[in-house]
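So the structure is just underneath, and the comments pick up after that.
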There are 2 protein chains.
Amino acid sequence: MEKAYHSIGELAEATDTKVETVRYYERIGILPAPKRTSGNYRAYSAGHLARLSFIRRARDLGFTLDQVRALLALADQKKQDCGTVDALAREHLADIDRKISDLKALRRELSGLIGQCKQGTIADCRILSALSPR
Amino acid sequence: MEKAYHSIGELAEATDTKVETVRYYERIGILPAPKRTSGNYRAYSAGHLARLSFIRRARDLGFTLDQVRALLALADQKKQDCGTVDALAREHLADIDRKISDLKALRRELSGLIGQCKQGTIADCRILSALSPR
DNA sequence: TGTTGACCCTGTACCGACTACAGGGTGCAG
DNA sequence: CTGCACCCTGTAGTCGGTACAGGGTCAACA
Ligand SMILES: [Zn+2]
Ligand SMILES: [Zn+2]
Ligand SMILES: [Zn+2]
Ligand SMILES: [Zn+2]
């Protein structure tokens, strides 16, 4: 038999989340408020655990919390087709690709600068002179 | 002859910065407070323009404002050698490399998920099922 | 039985790097 | 003289958490 309810600490540990973050998710309304014990402790059901796991996996994949909200809403429309989900995921993939190419451009520029430095004095440093207006 | 002083709007335009951001830089102490006109408008010197340009270029290269502060402080030590500058730049390059490889790993995972989706119903969507705990 | 200590509660402030107003003042051109 | 672009201060919001402070709860152990 599974334990029916979990404390916030257990939920946090099971999903590799900080306790404060779990409370934060409740505050912003992405994780529903659970029942309370007589001592006013939060008592989470298996449903909460599943939802928090979902949130965390999606966050680990880089979805924003708003996107996660959208994904969670879609997940409940079981018989609709998943085109919207896929579109969301593809959009996010495009975001990632954009970030990667931006970072690569940055990397090229910065490593070019570093390569030019001859390790002399500050006055001659190519890195600093590239940053200063001519 | 160059105009001796510039308004905040001119400075902002010349460095592709928002006016609010220029004031923000002053507030956090990275850009010194300029003189004021009789009407209490900020009046920036060429030195301010140079410093702001430096800040913006460094930011564009992805340095944090704290790193920019450090670079600016180093830039004033003209006769010291530039080892510290270069170390800072190399560290930042390593940060960028880490970000790129993190994003690539993410990209692989996400595009794998997207590839598995057969465009059926939500109930069968591989993207959602990969996010849900089994 | 009492006391320690781990856990939980609320509320608030903070991080980085801006951005966006609201509610006013200034300065110049027509 | 009036309209408009620009400037001023101060404050709050963004995103996704994180970090306390100042308390309450609960189980184990002496
Ligand atoms: Zn449990
Ligand atoms: Zn150098
Ligand atoms: Zn000017
Ligand atoms: Zn699908």
First of R36(A) and S38(B) reached from the 5' end of DNA chain C, by closest nucleotide: R36(A)
Return the 5'-most residue of the pair R23(B), T64(B) with respect to DNA chain C, ranking by each residue's nearest nucleotide. T64(B)
Distance in angstrom units between [X] [atom1] and [N] [atom2], rounded:
| X | N | atom1 | atom2 | answer |
| --- | --- | --- | --- | --- |
| E20(A) | dC14(C) | CD | P | 17 Å |
| R27(A) | dA13(C) | CZ | P | 12 Å |
| D95(B) | dG16(C) | CG | P | 15 Å |
| E26(A) | dC9(C) | CD | C1' | 11 Å |
| L52(B) | dC18(C) | CG | P | 11 Å |
| Y5(B) | dC7(D) | OH | P | 18 Å |
| F63(A) | dC15(D) | CZ | C1' | 17 Å |
| D16(B) | dC18(C) | CG | P | 12 Å |

Measuring to OP1 and OP2 of [N], would you say a side-chain N or O of [X] lies under 4.0 angstrom away?
| X | N | result |
| --- | --- | --- |
| S7(A) | dC8(C) | yes |
| T37(B) | dT26(C) | no |
| R42(A) | dC9(C) | yes |
| K18(A) | dA19(D) | yes |

Among dA17(C), dG25(C), dC7(C), the nucleotide that comes nearest once only the side chain of L65(B) is considered: dA17(C)
Residue Y41(A), side-chain atoms from C-beta onward, closest of dC7(C), dC8(D), dT19(C): dC7(C)
For S129(A), does its backbone N or O pair with a side-chain atom of S132(A) as donor and acceptor, under 3.5 Å? no
Between T21(A) and V19(A), is there a donor-acceptor pair closer than 3.5 Å when you use the side chain of the first and the backbone of the second? no
Touch class at under 4.0 angstrom, heavy-atom based, for R56(B) against every strand present: sugar-phosphate
Using a 4.0 Å heavy-atom cut-off across all strands, classify I28(B) as base, sugar-phosphate, or nothing. nothing
Are D95(B) and R98(B) close enough for a salt bridge, meaning some N to O gap below 4.0 Å? yes
Can a donor-acceptor pair be found between the side chains of R56(A) and Y25(A) at a distance below 3.5 Å? yes
Within the modelled atom types, does a donor on one side and an acceptor on the other bring the side chain of Y24(B) and the base of dG16(C) under 3.5 Å apart? no
Any donor-acceptor pair, under 3.5 Å, between the side chain of Y25(A) and the base of dG17(D), if you only look at N and O atoms? no
Between C125(B) and D86(A), is there a side-chain heavy-atom distance shorter than 4.5 Å? yes
